[in-house]
4 protein chains.
Amino acid sequence: MGVAATTAVLGQTRRRSRFDRRLARILEHATNIFCDKGYERASMRDLSRACAMSLAGLYYYFDSKERLLYLIEKELFERVTELLDQKLPATTDPEQRVRLFIENHITFFLAKQKAMKVLAQEDDVLTGNMGSEIAAIKRDYYRRCTELLEELRCAKGLHFKSRSIAMALFGAMNCLHTWYNPKVDSPPRLLAKEISDIFLCGVYAKNGSASI
Amino acid sequence: MGVAATTAVLGQTRRRSRFDRRLARILEHATNIFCDKGYERASMRDLSRACAMSLAGLYYYFDSKERLLYLIEKELFERVTELLDQKLPATTDPEQRVRLFIENHITFFLAKQKAMKVLAQEDDVLTGNMGSEIAAIKRDYYRRCTELLEELRCAKGLHFKSRSIAMALFGAMNCLHTWYNPKVDSPPRLLAKEISDIFLCGVYAKNGSASI
Amino acid sequence: MGVAATTAVLGQTRRRSRFDRRLARILEHATNIFCDKGYERASMRDLSRACAMSLAGLYYYFDSKERLLYLIEKELFERVTELLDQKLPATTDPEQRVRLFIENHITFFLAKQKAMKVLAQEDDVLTGNMGSEIAAIKRDYYRRCTELLEELRCAKGLHFKSRSIAMALFGAMNCLHTWYNPKVDSPPRLLAKEISDIFLCGVYAKNGSASI
Amino acid sequence: MGVAATTAVLGQTRRRSRFDRRLARILEHATNIFCDKGYERASMRDLSRACAMSLAGLYYYFDSKERLLYLIEKELFERVTELLDQKLPATTDPEQRVRLFIENHITFFLAKQKAMKVLAQEDDVLTGNMGSEIAAIKRDYYRRCTELLEELRCAKGLHFKSRSIAMALFGAMNCLHTWYNPKVDSPPRLLAKEISDIFLCGVYAKNGSASI
DNA sequence: GATGAATGAGGTTTCATTCAT
DNA sequence: TATGAATGAAACCTCATTCAT
């Protein structure tokens, strides 16, 4: 953490929240810059300009460039998971639950298209503890999708490899950022439905014959 | 281009081919390194070590790191297109042609998983002429897929947005490199069939209702 | 000097002494840190952490890192000189006076082994006025030792160069901090006697022949 | 090691020795600068100026500033040990061997007064492998002195703690750099004799009574 | 064809210090 | 008295690239 963490004794909400608000603003700028130029090509000076702050001033809020990426990625997964946890209990129908996962993922990441790109493109850059922590979070998130598919498969007695379907599905969803254009493409919720339809119909239709 | 361009012009076949063989070897090493560390994090010294060659020596074969990436990407698309052009005339059935495209893409890139990753991850780094040239090549390649889908749609009177399907399909295919493991997953040709099935069945099954 | 100098002038004893007590505590922490990490490698943040105080807060008590070192060194010499002045009048025997000097030096600095190390290792860092003031103080202190040796030489009609002996003696004494270990080595007073014996016996024994 | 180490395949004496000569020159400049300003205060830019070379150019010859210090310290000990090994076999008389050690140490380090100061002042800065390697070398060198004193003690049946004498002796010798002035003080060989006399006479004279 | 040696530009990070509050 | 927040300067180091040989 940045310098401030060391002196952050008090629970003075005002102060603490000012720090958090500032940090959040920095993370937003960082997300934009990492998205536009890529993590490595983005320099801390770029960020300092975007934040209208001195280079040294930035480091009051975090330790290192690497941790910026870590914070961005971690928060993203925390938020999308949180939303998922709110929505998922609403239904017990396996198909609806899969559709819910897809919709949650697509609407969340399309709302944060830039962050999505950062996440997709800067996959291996985090190393050490931060790297393995993010990797674990990602794995968990993917596993949840696989499990929902597995539920569906069991419930309907279908034949397919949940892992493969999940991977193809994530491939399709996570690459949206490379081509999605709100002006010509369907709005997020509809797009989510369309993709769900393709995958679910595909899965149902070929049932009994080959298995993926 | 490097110094050698002069000799290349002379048409001295012997020289030219030795040059080409050496360059090809360098491009292979570069592909591995770019894949493992990412384009920006990979240094020319890493490459010189891998090639057991001096830094200055490398520059005889190309004139900038950026061009290395350009050459890698360009050759990849040239090869995959070449193969496609050989196979596609074999059939006129629209569905078979789509399946052929998918199989060609997946088997080619799974055989060159590292190159695939480079292509997927270093999307925006090329700038200027090289950047736009590669972008044009990519666009053409994508358009071919879209056109094949369009052929199918017309032939069968289906309702779907070819562009969206193509994009989802490319997403699914291009992310294979992040999870594909030859030891646990289906071999390339079978995997291609499975993915084709999902998408085509999906498209057929939902026809008439919603369209993607 | 820090802001507090203004209040100090007012002669407000209460304030002044609280200020002094706080400053003394800071100097102790600074001594430890300078000893452990070296003056340059020790950061003001290290000190702020040790003092459980904010960085800005520290600067109320002094106006620069350099002055911290100055204050440490100055106080050290003031104290050791003060003690010497108390003890020295007790005897007029030249040999006893030399022994007294040695004992005073060794017991004082072994009691403050960390300060001793700071003094020995950060010799040239002070510049400007503070630098020359400390240099003068050191020179005076060294001169006193030389003068005591000179007294001895004259009184006993010996032949040796007091300056050289003094320097060798200080070398031996000031490097104690690098190896002295209270658990295995003689206690300070005995160690002082042993070193005195070596130097004095050495000086007596070789008298008449060569001179140092 | 510097960049060059990686490509240094060949035993081409001409090339290799040019590299070595350049590196040696850099180490000399570094020694002067580290001596004058201290290791931490000396910047690589200072060194680049002294060497009339670009900053990046310097790094062709070594890895890091830390390794510069390591190389300086290591070479110093290697040289002084080498010289000692040449001289020591010349005599078997224990006293002469101790005198030889002292003379070798003093003449060597007084000839390289600046290096001596670097060695004395930058004691703890090396960390990790380099740090422990140098520490081991130093310990060995000190142990040799202690062993020579021990030989003397046994041969003459004297009573003193070799370790303490060695430490006081090194203290006296290693601080020479702080005051030795070739214009007013005895030349190195004579100074060595004088210091030897003091310590040996001191040791002989007080034998039977107290022991150090 | 190939290399040893060199460089300018730029990277991230740390530092002592300040100032409004 | 004390602090949170900020800063300019400078640190070490790496990079892609070049050029005489």
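First the proteins, then the strands, lettered A, B, ... as listed; each starts at 1. Note that this is a predicted model, so its numbers are computed, not measured.
Nearest nucleotide to the side chain of D:S54, out of E:dA2, E:dT7, F:dT17: E:dT7. Distance from the side chain of A:Y61 is smallest to F:dA6 among E:dT3, F:dC13, F:dA6. Across E:dT7, E:dG1, F:dG4, the shortest atom-to-atom separation from the side chain of D:A56 is found for E:dT7. When distances run from any side-chain atom of C:K65 to the nucleotides E:dT13, F:dT17, E:dT17, the shortest one goes to E:dT17. Candidate nucleotides F:dA5, E:dT7, E:dG11 were compared by shortest atom distance to the side chain of D:M53, and E:dT7 ranks first. Between E:dG4, E:dA5, F:dA2, one nucleotide has an atom nearer to the side chain of D:R22 than all others, and that is E:dA5. Between E:dG1, F:dA6, E:dT7, one nucleotide has an atom nearer to the side chain of B:Y60 than all others, and that is E:dG1.
Pairing each heavy atom of A:L47 with each of A:A30, the nearest pair is CD1-N, 3.6 Å. Here the shortest heavy-atom pairing between B:Y61 and B:L23 reads O-CD1, 3.8 Å. Of all heavy-atom pairs between C:T31 and C:K114, the closest is CG2-C, 4.2 Å.
When each of A:E40 and C:G57 is assigned the nucleotide of DNA chain E with its nearest heavy atom, A:E40 is the one assigned upstream, toward the 5' end. Nearer the 5' end of DNA chain F, as judged by each residue's closest nucleotide, is the contact made by A:A52, out of A:R45 and A:A52.
The distance from atom CD of D:E66 to atom P of F:dC12 is 12 Å, rounded to the nearest whole Å. Following rounding to the nearest Å, D:L55 (CG) and E:dT12 (P) show an atom-to-atom distance of 18 Å. Atom pair D:R67:CZ and F:dC13:C1' shows a separation of 15 Å (rounding to whole Å applied). Atoms CZ (A:R18) and P (F:dT3) sit 17 Å apart, rounded to a whole Å. Taking atom CZ of residue D:F62 and atom C1' of nucleotide F:dT14, one finds them 13 Å apart after rounding to whole Å. Here the P atom of nucleotide E:dG11 and the CZ atom of A:F34 are 13 Å apart, to the nearest Å. C:M44 places its CE atom 7 Å from the P atom of E:dA16, with the value rounded to the nearest Å. For C:L47 and E:dT17, the CG to C1' distance is 14 Å, given to the nearest whole Å.
Residue contacts for D:A42: at a heavy-atom cut-off of 4.0 Å it reaches the sugar-phosphate backbone alone, with no base atom in range. Across all strands, B:L58 comes closer than 4.0 Å to no nucleic acid atom at all (heavy-atom distances). Heavy atoms of C:S43 sit under 4.0 angstrom from primed sugar atoms or phosphate atoms, though from no base atom. Using a 4.0 Å heavy-atom criterion, one finds that B:R41 contacts no nucleic acid atom at all.
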*How would DNA chain E look in dot-bracket form, 5' to 3', counting Watson-Crick and G-U wobble pairs with both distances under 3.5 Å and writing | for bases paired to another strand?*
.||||||||||||||||||||
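Annotation: cation-pi pair B:K65/B:Y39 present, NZ/CZ under 6.0 Å from the ring centroid and within 45° of its normal.
Checked for salt-bridge contact, A:R41 and B:D124 miss the test: no charged N lies under 4.0 Å from a carboxylate O.
Considering B:I134, B:V125, B:L27 in turn, B:V125 is the only one that fulfils the side chain to side chain contact (heavy atoms under 4.5 Å, CB included) rule with B:L69.
Counting only distance, with no hydrogens or angles, the side chain of B:D46 and the backbone of B:S43 share a donor-acceptor pair below 3.5 Å.
Here D:Y60 contributes atom OH and D:S54 contributes atom OG; the two are 13.0 Å apart, rounded to the nearest 0.5 Å.
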